[in-house]
Amino acid sequence: MINVRYLSHSFGRYWALKNITFSLEKGDFLFLTGPSGAGKTTLMRLLHGSLPLQRGAAAIAGFDLKNLAPRKRYLLRRQVAIVFQDFKILPDRSVWDNVALPLIVRGMVKNQVQKRVRAVLRGLSLDRKSWCLCREISGGEQQRVAVARAVVVNPKVLLADEPTGNLDKKLSVQLMEVFRQFHVHGTTVVFATHNEELIRSQSGAKVLALKDGSIAGANWSLEETGV
Ligand SMILES: Nc1ncnc2c1ncn2[C@@H]1O[C@H](COP(=O)(O)OP(=O)(O)O)[C@@H](O)[C@H]1O
Ligand SMILES: [Mg+2]
């Protein structure tokens, strides 16, 4: 589902990622960890196709990122969804509108949109907040809206960049449970966090640690995987 080979990325003369190689199978749950500045967000942005590949190779959900034309990026985004730490939701629109938007821009018919949005909001316990403006709901609810908007398109891969970074412990655990549910249903999840407790709470997950742009450790053999 994800195959990364000798991936390096520089901003000017600074190498934010150096020779990253790993691969994930469908349905894997990966914690991407490491201190601030380690390169987690850069890796996420590369996998999401929002940063162009410079060196090395990467494939995700059947897309070769090296040869993905910018005008084809929308096809990748149908399979690969991302949740940002700072939500990036529209504060002056309702919860419903925020979650429906990715389906509307895809041209989905209205009653299909309604069905999907209703189901996702119910799954995230947001149904009673459907018509609230996003700026009027709590931080934890806003983060769930960001997750709802990512998963409403039924992505094959869900990338989450420190989604619990701004949440207290109880909300983090709740949000983690939401991701676990998607994972159980076959979605491949990449979850960036430096919350050790959260990582320990999910037995069976893969863990990849980055430090200064390099792989500092992994809890599975990177040698056996990949092409
Ligand atoms: N757009 C950018 N321009 C210049 N440097 C950047 C940019 N984005 C990230 N970096 C640098 O790359 C390194 C890795 O950053 P990042 O991927 O955001 O790490 P993390 O998400 O693990 O905190 C940091 O040193 C950061 O300052
Ligand atoms: Mg980051």
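Please read all numbers here as calculations on a predicted model, not as lab measurements. Order of appearance sets the numbers: ligands from 1, and atoms from 1 within every ligand.
Taking any N or O of K40, backbone or side chain, at least one lies under 3.5 Å from an N or O belonging to ligand 1. At a 3.5 angstrom cut-off on N or O pairs, F11 does not count as close to ligand 1.
Ranked by closest heavy atom to atom 23 (O) of ligand 1, the top entry among G37, G213, A16 is G37.
There is a protein heavy atom less than 4.0 angstrom from atom 13 (C) of ligand 1.
Using a 30° and 60° split on the angle between ring planes, W96 and W131 fall in the parallel class, below 30°.
V178 and V189 fall within a single hydrophobic cluster, where Ile, Leu, Val, Met, Phe, Trp and Tyr are joined by side-chain heavy atoms under 4.5 Å apart, directly or via other members.
Here the side chain of E141 pairs a donor or acceptor atom with the backbone of S138 at under 3.5 angstrom. Of the possible donor and acceptor atoms, one in the side chain of R73 sits under 3.5 Å from a partner among the backbone N and O of G49. Using modelled atom types, no side-chain atom of H9 and backbone atom of W15 make a donor-acceptor pair closer than 3.5 Å.
Among protein heavy atoms, the minimum distance from atom 26 (C) of ligand 1 is reached at Y14 CE2, 4.9 Å. At the top of the distance list for atom 19 (O) of ligand 1, counting protein heavy atoms only, stands G39 N, 3.1 Å. Remark: minimum distance from atom 18 (O) of ligand 1 to any protein heavy atom is reached at T41 CB, 3.5 Å. For atom 15 (O) of ligand 1, the closest non-hydrogen atom on the protein side is T42 OG1, 3.9 Å.
Annotation for V4 and I20: closest pair CG1-O, 3.2 Å, computed over non-hydrogen atoms.
A salt bridge links R135 with D92: the distance from a Lys NZ or Arg NE/NH1/NH2 to an Asp or Glu carboxylate oxygen falls below 4.0 Å.
Residue contacts with ligand 1: S36 is included, with a non-hydrogen atom under 4.0 Å away. Within the 4.0 Å heavy-atom shell around ligand 1 one finds P35.
Close approach of ligand 1 to A38 is summarised as follows: ligand atoms under 4.0 Å from at least one heavy atom of the residue are 19 (O), 20 (P), 22 (O).
Counting heavy-atom neighbours within 6.0 Å of E177 CD, excluding the residue itself, gives a total above 12.
The distance from the Mg ion (ligand 2) to the nearest N/O/S atom of M44 is not under 2.8 Å.
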